[in-house]
> 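Below is one structure. I have some questions about it.
Fair warning: this is a prediction, and the values are worked out from it, not measured in the lab. First the proteins, then the strands, lettered A, B, ... as listed; each starts at 1.
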Amino acid sequence: MPEPSFMQLKKLSREDRSHLPQYGLAVLGDCATQHLSMAIRGYGVYAGLHIPVLDVDYNQIDAQTMDAGSELYQYQPDGVLIQRCTEKLYEKFCATPLQQRASFAEDIYAGIRKTWERINTNIRTSILQCNFPLLDDSVFGQYGNKTPDSFLFQQRKLNYLLMEGCHQVKNVYMIDLAAIQTARGQAHFSDPKLYYIAKMPIALEALPAVAKAVADTIRALRGTVKKCVILDLDNTLWGGVIGDDGLGGIQIGELGLGHAFSDFQAWLKELKKRGMLLAVCSKNNDATAREPFEKHPEMVLRMEDFSAFVANWQDKASNIRSIQQMLNIGMDSLIFLDDNPFERNLVRSMLPEVTVPELPEDPALYRSCLQELGLFEVASYSAEDANRTQQYRDQAERRVFEASFQSYDDYLKGLEMTAVAAPFDPFHYPRIAQLTQRSNQFNLRTVRCTEAQIQDLAQDEGHICLYFMLKDKFGDHGLISVVVLDKQPDSTLFVSQWLMSCRVLKRGMEEFIINKIMKTAEANGFRRVVGEYLPTPKNSMVQHLYQTLGFTPLDDNRFEARVSGFHYHHTYITEA
Amino acid sequence: MTREQIFEKLNEVFSDVFDEEIVVHDETTAADIEDWDSLTHITLIAEVEEAFGIRIAMKDVLNLKNVGEMADIIEKAV
């Protein structure tokens, strides 16, 4: 996908796309932001999002965030983008007395933190904070790096402090303008005359890249994230053809072009460590394909890094389909990498939902090319991510175990499952938020939540919030389900959220959870539980869930069960 | 580049920026084109710069009286 030009985005921004998923954005800046807003609207359309933008007047950051009745707060945006420009920052720096300059970054940072606090006191939203593109005033030359009195020093420090701030304040996400500036070069990032004439710190030609960063972040916040990279082997993960060249002949590590492939593998391994699944889809004999991972001393990726490994002579589209079913994740969360244009085109035409990036011919460029695509945005990260590959591998072992039993009941019994049901606690907020953002299939009402919203729910008296964890003899699934119950009049508990990871389907967990919901209702004096199914293109799996679990329909999508006389379900799960 | 070629290309840029078929002349000014406000002026300048591979100086951005003057600047620069 080539990057659209500003003019293309401008045209797209005028199209009516109100049927697309909507994300209301407010843009605040101490510089002119109209062109940026236009580019973001256009990029939204380009990326399949309707982003109505409230572009408040120039230089209104304080006015809009201090006044409880401001346009900004009335608009109730899903996100607030804050752009403060380096040019203004420099004006402030020049006006700062010499003896106060060493604390300049901290003073500005404190002000930005106040802005975030004010927004968070008034509305529930996500904050997208731009950092500061580098403006080196060269007053100290290279020495500026060595003295806290230089603008260079204070500005870099400020960008660092903003990162710390984003880490601490859960609903703040960084839009890394400095990185975009570095990637494009200053001459293609800003045009001084535009700032002098129109207070525009970013040149038109760089706005699509900035809009893309904003749209990518919004997509990740909305739960559209990639979950698995499916990899070809020959000339993708190593140079040469294992079937022809043999173990000693493939290029990896020191041999030939090997270093580029080793680096590429090392980067894929980093993705895996942050929770991305890796899978292999190769036209090879299975044993031949496995051999390098098992025996080649310089291979960076090993068999245990893959959640699925498919090497045979079937067409790749069929194999990708079976990998997708094996892992039980959405087709649109897959990325397929293959050096062969024929295979790429085949997969693109057979499986249009799969993302298939063009790989450059030169393997030296694989990594940088993929890094520029913005495919790897996430809006959360939790300790469980690092374990995800292991969890999917445990799953494969369970399947072998399953095959050894006569009946499914015997298999479930043999799994020795224990589950935990507990109210939300701060330690698990990140994982709970993440699960609400990632679960698409087993998700009754598809309510996406940020960590801050999870915290709100947990602390609000009007809700009972439960998370569920499951483990068995093969391993720990971790936190796999989230339930939010709203206390309503007439002794009613309304299930406003229920979602579950598809990894644990058909274990009796659904039954275990509904039992828990009914018991919770009873223990808190409620007489009935009402559940609702809101259809999306992806959650038809749970369309009949409530009925299957013994609820009676109230209308098309709502179901109820009485606490008294509820028929509790039998499971093979013990509550820990 | 002849003046004629410059105007041909300017017509393309103007039509693109204002999203309608536009033919400009030496005497065309902002008053002649409905959407030509200060915001679009910035877009226009950036697009002219890109189309001709030139850089227009700040004073020219601010002081251009009509498209003819713009063509003069382009003529000198290319």
> Can A:K199 be said to sit on top of A:Y195's aromatic six-ring, NZ or CZ under 6.0 Å from centre and within 45° of the ring axis?
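Because its charged atom sits under 6.0 Å from the ring centre and within 45° of the axis, A:K199 does stack over A:Y195.
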> Does some side-chain heavy atom of A:V210 sit less than 4.5 Å from a side-chain heavy atom of A:L36?
yes
> I'd like to know if the side chain of A:Q186 pairs up with that of A:S190 as donor and acceptor (distance under 3.5 Å, no hydrogens or angles considered).
yes
> CD/B:E75 to CD/B:Q5 distance, rounded to the nearest 0.5 angstrom?
10.5 Å
> Below 4.5 Å from any heavy atom of chain B, which atoms of A:M38 appear? Answer side chain, backbone, both or neither.
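For A:M38, neither part sits under 4.5 Å from chain B.
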> By a 4.5 Å heavy-atom criterion (distance strictly below it), what part of B:E50 contacts chain A: side chain, backbone, both, or neither?
neither
> So what's closer than 4.5 Å to chain A heavy atoms on B:S38: side chain, backbone, both or neither?
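No part of B:S38 comes within 4.5 Å of chain A.
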> Could you have a look at A:Q34, A:K10, A:H35 and say which one has the most heavy-atom pairs with chain B under 4.5 angstrom?
A:H35
